[in-house]
2 protein chains.
Amino acid sequence: MSARAFHHGNLRAEILGHARATLREAGEEGLSLRQLARDAGVSHAAPRRHFPERQDLLNALAEQGFDELTASIAEQLDRAGGDRVTAFRAVARSYIDFAIRDGALMTLMFSAKNGTAAVGVSAAADRFFAAVGTIVAAVVPSPSAPAPSGVLSDALRAQLLLASTLHGIASLLCAGRLDASQVDELIDGVGQLFGVGAQPAVK
Amino acid sequence: MSARAFHHGNLRAEILGHARATLREAGEEGLSLRQLARDAGVSHAAPRRHFPERQDLLNALAEQGFDELTASIAEQLDRAGGDRVTAFRAVARSYIDFAIRDGALMTLMFSAKNGTAAVGVSAAADRFFAAVGTIVAAVVPSPSAPAPSGVLSDALRAQLLLASTLHGIASLLCAGRLDASQVDELIDGVGQLFGVGAQPAVK
DNA sequence: ACCTGAACACCGTTCAAGT
DNA sequence: ACCTGAACACCGTTCAAGT
């Protein structure tokens, strides 16, 4: 096969792979379609078949990130085998480790341009939040206090609050306003708040 | 005075003002030093005196944002006049309204490049988190459960958790994953979690 | 001290043309 | 279908020169 045909069929995957690495090393503003084309050994216009605009590349990265994160937290729930505290801790750890490992990707995933994400990203985000909802339902006991007269059910409120808290910890970690050494204790604190506290007997 | 002298002394402020507006309308990637120079009627190299690099402009915006947010939440605490529930709600509202109004600026404020912010931004962020600490101490009762053997004090843990939760709500709002109509109920939910719950008599 | 104008290297995007 | 090469408009950054 000719050198030119090498990328037939997998140029998209190769570009995405390089982009993911660049994102880790240089952040979003370090991503350049032209540079990625050079890395892949094709002309600067070749990626256009797969990513007509730069934003399309960012969307593909975000979508991939959501799917990875969704699979990761679902796997942690499965592995915990029914123990609520263990499951909660493992899921929370998984979420926050993702933010530590791929902070720039996380930022990309949650940076809706003009408040509206592309359809693919939005669908992947929906799958992610559905998974979070399932996990919260499986892990968190029904709230002790009844919900006020609002529009949200107790369950939905607990889901949104827990998701917000974990996401806040992840965001502040990415921003350098929290230290990784504080994470375990914060996760335990979140567990206590939501009634998934560590058993005193463990200590 | 000549047309050329018009900007003497306030070009920096004028650029910052335009930049703030552009940030609202077009996000960070809509900011261009050259465009801001055109808006101000100066040559493209003139802003360089005040912002040698583009990042210096972003830093100035972030610093200004932190100071505004700090002043805003401190003012809400003062106004509440000692009522914990009222104070908590007003502060939380103020924080989250800031995120709704200036989402792109909020993102900028919490986007540490390579994990380390510039000194000015870092100092402004420190002032902000100090204010948050003061407010949490004034508003949240001491935690009912004693802290485990970790390195964080009860008070610091409560402060970090509350800050994380509010920040998470703000972030998810910016990302379009929460709706503004859900905010009041979420704030009440946070209040209940942290023992600053609404009085049942109110309802 | 503050601003200008030209210059350089890089980028996203478009498009006619190749195979 | 997929890729190339030239082209256009825009950018950040630098620098010698003006007042």
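Residue numbering restarts at 1 for every chain, and letters A, B, ... go by the order of the sequence lines.
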Practice problem: Ignoring the backbone of B:A45, work out which of D:dT13, D:dC15, C:dT13 is nearest its side chain. | Solution: D:dC15

Quiz item: Could you state the CG-P distance from B:L31 to D:dT13, rounded to the nearest angstrom?
Solution: 13 Å

Quiz item: Expressed in angstrom and rounded to an integer, what is the separation of B:E14 atom CD from C:dC3 atom P?
Solution: 11 Å

Quiz item: Looking only at side-chain N and O atoms, does B:S32 come under 4.0 Å of OP1 or OP2 in D:dC11?
Solution: yes

Exercise. Inspect the surroundings of CZ in B:R79 and state if more than 12 heavy atoms from other residues, nucleotides or ligands are less than 6.0 Å away.
Key: no

Quiz prompt | Nearest-nucleotide 5' precedence on DNA chain C, A:R49 against A:R54 | solution = A:R54

Quiz item: Which nucleotide in the set C:dG12, C:dT4, D:dC11 lies at the smallest distance from any side-chain heavy atom of B:V42?
Solution: C:dT4

Practice problem: Can you figure out which of C:dT4, D:dC3, D:dT4 approaches the side chain of A:L11 most closely? | Solution: D:dC3

Quiz item: Does B:M109 reach the side chain of B:F98, with side-chain heavy atoms less than 4.5 Å apart?
Solution: yes

Practice problem: Rounded to the nearest angstrom, tell me the gap between atom CG in B:L57 and atom C1' in D:dT13. | Solution: 15 Å

Quiz prompt | Distance, rounded to the nearest Å, where B:H50 contributes NE2 and C:dA1 contributes P | solution = 13 Å

Quiz prompt | Side-chain ion pair, A:D39 and A:R34, N-O less than 4.0 Å | solution = no

Quiz item: Can you say whether the rings of B:H167 and B:F110 are parallel (under 30°), tilted (30 to 60°) or perpendicular (over 60°)?
Solution: tilted

Quiz item: Is there a side-chain contact between A:H44 and A:S32 (heavy atoms, below 4.5 Å)?
Solution: no

Quiz prompt | Per A:A46 side chain, nearest of listed nucleotides D:dT4, C:dC3, C:dT4 | solution = D:dT4

Quiz item: D:dT4, D:dG12, D:dC3: which one has an atom nearest the side-chain heavy atoms of B:L33?
Solution: D:dG12

Self-check item: Gap between atoms CG and P, on A:D39 and C:dC11 respectively (whole Å)
Solution: 10 Å

Practice problem: For DNA chain C, just give me the dot-bracket, please: Watson-Crick or G-U, both distances below 3.5 Å, ( ) intra-strand, [ ] crossing earlier pairs, | paired with another strand, . unpaired. | Solution: ||.|||||...|||||.||

Practice problem: Map A:R34 and A:S43 onto DNA chain D by nearest heavy atom, then report which one ends up closer to the 5' terminus. | Solution: A:S43

Quiz prompt | Side chains of B:L160 and B:F129 in contact at under 4.5 Å (non-hydrogen atoms) | solution = no

Practice problem: Only counting residues at least two apart or in another chain, list the ones meeting ring pair (Phe, Tyr, Trp, His ring centres under 6.0 Å) with A:Y95. | Solution: A:F128

Quiz item: To the nearest angstrom, how far is B:F51 atom CZ from D:dC11 atom C1'?
Solution: 18 Å

Quiz item: Any idea which of D:dA6, D:dT13, D:dC3 is nearest the B:H44 side chain?
Solution: D:dT13

Practice problem: Nearest whole angstrom, please: distance from the C1' of D:dG12 to the CD of B:Q55. | Solution: 13 Å

Quiz item: So does A:R48 reach the base of D:dT4 with its side chain, donor to acceptor, closer than 3.5 Å?
Solution: no

Exercise. Could you tell me whether B:E25 and B:R20 make a salt bridge, using a distance below 4.0 angstrom between a side-chain N and a carboxylate O?
Key: no

Quiz item: Taking only side-chain nitrogens and oxygens of A:R38, does any of them come within less than 4.0 Å of OP1 or OP2 of C:dC11?
Solution: yes

